[in-house]
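Here the structure comes first, spelled out in structure tokens, and everything after it is commentary.
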Amino acid sequence: MSRTTPMPDITIGKRTHYTESGEPDYGQYEIEVTSHIECNGIITLDYAGDLFRLRNAIDSYITENKLQNPYL
């Protein structure tokens, strides 16, 4: 298989939101996908547990559709 588009970069980080007085208020997890220099989209999750739910959903999709890792 050969790609016709650049390999996307996927980054996961935590963004802390602050109150007007500068105190930490809450955090959100962000998953950003970029291709070359263009953002393809951002997923924002409110809880660490949501990362595990996302991973489980991706794992289930891969298993159910018998996808093979082309990079192994």
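Keep in mind it's a predicted model, so treat the numbers as computed, not measured.
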Over all heavy atoms of both residues, which pair between Ser35 and Asn40 is shortest? Give the atoms and the distance, please. N-OD1, 3.2 Å

Passing option when Thr34 is tested against Asp9, Ile10, Ile42 for side chain to side chain contact (heavy atoms under 4.5 Å, CB included): Asp9

Please identify which of these residues, Leu54, Thr44, Thr11, meets the side chain to side chain contact (heavy atoms under 4.5 Å, CB included) condition with Ile31. Leu54

Side-chain touch Arg53/Asp50, heavy atoms, less than 4.5 angstrom: yes

Contact between Tyr61 and Leu67 at the side-chain level, heavy atoms closer than 4.5 Å - yes or no? yes

Measure the CG-CG distance between Asn56 and Leu51 for me, rounded to the nearest 0.5 Å. 11.0 Å

Inspect the surroundings of NE2 in His36 and state if more than 12 heavy atoms from other residues, nucleotides or ligands are less than 6.0 Å away. no

According to a hydrophobic-cluster definition based on side-chain heavy atoms being under 4.5 Å apart (Ile, Leu, Val, Met, Phe, Trp, Tyr only), do Ile58 and Ile43 belong together? yes

Please name the pair of heavy atoms, one in Glu32 and one in Cys39, separated by the smallest distance, quoted to 0.1 Å. OE2-SG, 3.8 Å

When rounded to the nearest 0.5 Å, the distance separating NZ of Lys14 from CD of Glu30 is 12.0 Å

d(Arg15 CZ, Tyr29 OH) to nearest 0.5 Å is 14.5 Å

